[in-house]
Number of protein chains: 2
Amino acid sequence: MDTIPIMKRHVLIFGLVGGVLIATLQYTEYRFVVIEHSVELYSALVAILFAAFGIWLGLRITRNRETIRETVVVREVLVPAEAPAPEPFAPNTAQQQTLGITARELETLTLIARGFSNREIATQLFVSENTVKTHCARAFDKLGAARRTQAVQRGKELGLLP
Amino acid sequence: MDTIPIMKRHVLIFGLVGGVLIATLQYTEYRFVVIEHSVELYSALVAILFAAFGIWLGLRITRNRETIRETVVVREVLVPAEAPAPEPFAPNTAQQQTLGITARELETLTLIARGFSNREIATQLFVSENTVKTHCARAFDKLGAARRTQAVQRGKELGLLP
DNA sequence: TGAAAAATCATCCGAAAGGGTGACGACATT
DNA sequence: AATGTCGTCACCCTTTCGGATGATTTTTCA
């Protein structure tokens with residue numbers, strides 16, 4: 001499946017989508033010229049396709065900024081001891097720094113702690129399962145964990161996970 | 001090629017593809033009957049329109065997430081001398097009863113939560129690994145969990161685990 | 001602008017985990 | 001004696017994980 005050298009994949013995908021779109025249009029032109037009502041049909045299809053694609057793109061281009069903000073916006077607030085149930089959890093960024101755990105790795109860890117499988121995590125993060133496994137492996141290594149349950153345990157001990 | 005900030009390259013490429021698409025469509029207009037050209041034009045317009053909409057939507061989604069995160073990220077720093085963490089944890093026996101989780105199963109769950117493998121648990125409990133797996137399977141079934149991390153998560157939610 | 005860091009993806013392989021089924025003995029209840 | 005629960009163990013099979021390695025792309029930063 002991956003025999004294609006991975007160049008500028010975006011351009012490739014764009015080209016493919018565009019090509020397929022054009023081909024489809026031209027093909028349907030011959031086949032369905034007579035059918036007038038099919039215009040709305042594939043207009044709608046194209047619309048849905050591009051809307052989904054646009055959403056994906058929007059998510060993608062803003063994702064990085066989001067992670068930045070996540071690390072930057074941490075402001076420290078003194079909380080009295082009797083404050084019960086401090087639900088908003090902020091990971092111990094100091095620990096994270098010293099261990100060299102990246103934002104993405106921590107993100108993966110939290111999803112592991114919630115009981116998701118690698119595949120589910122991959123879906124939620126819009127990456128491949130292989131990528132998730134890489135994040136896992138590196139996070140485990142930095143945490144000195146051999147299993148995900150152990151990683152979660154360690155993460156909670158270190159204040160990285162709620 | 002670009003002195004343009006790389007962040008917006010995606011959008012740029014997208015726009016270019018859109019332009020190419022339109023150009024192609026208009027080119028084909030000359031080669032085919034004039035009657036159909038409105039279809040393609042319409043499709044292209046709809047596509048671009050919805051792509052823009054999708055991007056806007058994607059941006060909006062992530063922006064909301066950001067604002068949420070911004071309000072949520074509050075970090076307590078100095079929780080003065082909390083009571084020395086009364087370690088004795090009492091599992092919610094009521095929940096355990098209603099779920100029909102046996103003592104041995106809960107014991108296994110606890111060790112799972114501490115990050116042990118089945119083999120290690122078997123050693124600690126002086127039973128075979130198969131037995132541990134049986135306990136796991138039954139506990140997972142009663143908790144509605146498919147993975148041990150999920151079982152741990154559920155167990156903590158239900159007050160079965162510390 | 002160029003190096004470093006981070007994120008992404010893949011492949012191979014072995015180990016661990018999970019599902020299903022069946023079975024057996026101990027023990028308590030009925 | 002019959003029944004039921006619990007703990008124990010085994011086998012088979014599939015899926016998921018984890019380790020090791022190499023590569024490319026994107027982002028950050030000096």
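By convention in this document, chain letters (A, B, ...) are assigned in the order of the sequence lines, proteins followed by strands, and residues within each chain are numbered from 1. What you are looking at is a predicted structure, and each value in this text was computed from that prediction instead of being measured.
Closest to the A:R148 side chain, of the nucleotides D:dC17, C:dA17, C:dT8, is D:dC17. The side chain of B:K133 sits closest to C:dA17 out of D:dC9, C:dA17, C:dA7. Nearest to the side-chain atoms of B:T131 among the listed nucleotides D:dC17, D:dT8, C:dT8 stands D:dT8. The A:S128 side chain lies nearest to C:dC9 when the options are D:dG7, C:dA7, C:dC9. Closest to the side chain of B:N130, from the set D:dT16, D:dC9, D:dG19, is D:dC9. Of the candidate nucleotides D:dC9, D:dG7, C:dA6, C:dA6 has the atom lying nearest to any side-chain atom of A:T102.
In this structure, A:N118 reaches the sugar-phosphate backbone alone: every heavy-atom distance under 4.0 Å involves primed, P, OP1 or OP2 atoms, never a base.
Between the side chain of A:S117 and the base of D:dC17 there is no donor-acceptor pair of N/O atoms closer than 3.5 Å.
Put simply, the side chain of B:L125 does not reach to within 4.5 Å of the side chain of B:T131, judged on heavy atoms.
Judged purely by atom type and a 3.5 angstrom limit, B:E120 uses its side chain to pair as donor or acceptor with the backbone of B:S117.
The shortest non-hydrogen separation linking A:T108 to A:H135 is OG1-CB, 3.5 Å.
As rounded to whole Å, 15 Å separates atom P of D:dT16 from atom CZ of A:F116. Across the protein-nucleic acid pair, B:R138 atom CZ and D:dC6 atom P stand 9 Å apart, rounded to whole Å.
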